[in-house]
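Every number for a ligand or one of its atoms is a count from 1 in the order of the listing.
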Amino acid sequence: MSREELVAMTRNLIEHGAADTMEYADEVVRVPASSYTDPDLYEQERRNIFRRLPLMVAPSCELPEPGDYKAMDICGIPLLLTRQRDGSVAAFLNMCSHRGNPVASGSGNASRFTCGYHGWTFKNDGALLGVASAKDFGTVDKAALCLKRFPSYESAGLIWATLDLESKLPIADYLSGYDALLSAFGFEGWTLFSQRTIPGPNWKTAYDGYLDFYHLPVLHKDTFGADFYNRANYFFWGPHQRLSAPSKMATRVGSDIEEDLSLLSDDEIPNDALLSGVWTIFPHVSIASFYGGGQRGAMISQLFPGETVDESFTTQFYVMENQPETDEQVKSAHEQFDFLEVVVRDEDYSTGKRQHQALQSGMLKEVLFGKNERGGQVFHQWVDKLTHASDTELLDIFTPEQREAAE
Ligand code: FES
Ligand SMILES: [Fe+2]
């Protein structure tokens, strides 16, 4: 039962907070600087991580209605997501079975897609509906020429797809039970308030910034403040991890009143405290709660490698429990969202770009992850392991029995 697991983590944070301690990693870990800058390794990561593992491609609220669709390009793979008539989501290779032209672009609502090249038509469940000038074209086996379907999975108000048509890795196994905890956010019923995409540095340089609180009072002193707590305990489910500050005190989202959580029974611990901190989904998503527009919101940051080793792109989805109603609330939600863009773009990513440029000099052989930066240590270990795993090893790593044995 996921609430029990959430409560157990919260108790861990309360106890460490009360004792003024944190959980340390065993050692300081060294990561070769070339792992951020080597173009060959980068290509391997694009292929073996992004084109082989399940990716969180959209929050469910981006495609709430039957007929909603979104086309994306992820590491060179054209993807089309559709919400079908029965309410389920499907993920297709966005390539016409005639000669490969993408059948959709952007996003919108449509029950069918007509290819813009010669006019073949597909239903949003992928079926080939019509061949233009069929009597001239010759015989076609329509059933064999539907859009090719990627494995996809919707859970906890989030949508995953694996950009490998042959993938045998069950997405639920890959998530290692993590989605059951993410479901405590209740994203199934939330709405998408706004979204934007911002450029960033190398994808791992960018992602590192979501995995430690160590930098918060330094890099973000002008935005979050210089007294922001810089410690975090880490919790892991396979490669997915949550980090949260050890503390017995908490304020409910949207309130200034501090509560001593150690005085509350398990049932009394508010959901906000159970979900505090940053929830990351390997290899490229980070989720954190915020408050703006008079209610609960969350920023879902979804990061993809760019064309070259030194660039990435992050789509920030600002999702809210309900759409803000008054002009005042809309303004306040925009302000919250804009603030987060400034923090990430002007502080995290601009630092990441400078850092990456310096690393590209090759003058520093290794970078360090301290005992207090366990999240980064574990992230780089997983990237390394999964980049170099064979397809068979990949399946073994995520079979539930293997996973349990490894934990
Ligand atoms: S490529 Fe789509 S109809 Fe020809
Ligand atoms: Fe940051």
Handout entry: Check: Leu6 and Leu181 side chains under 4.5 Å, non-hydrogen atoms
Key = yes
Handout entry: Pair Tyr42-Asn202, side-chain donor/acceptor within less than 3.5 Å
Key = no
Fill in the blank from the handout: The N/O/S atom of Asp348 lying closest to the Fe ion (ligand 2) is OD1
Exercise for the section: Indicate whether any N or O donor in one side chain lies under 3.5 Å from an N or O acceptor in the other, for Tyr36 and His380. Expected result: yes
Fill in the blank from the handout: At a cut-off of 2.8 Å, protein N/O/S around atom 2 (Fe) of ligand 1 gives Cys96 SG, Cys115 SG
Handout entry: Check: Asn101/His118 side-chain N/O donor and acceptor closer than 3.5 Å
Key = no
Exercise for the section: Inspect the contact between Arg85 and Asp125 and indicate whether a charged nitrogen and a carboxylate oxygen are less than 4.0 angstrom apart. Expected result: no
Problem - N-O pairing of Asp212 and Arg374 below 4.0 Å - result: no
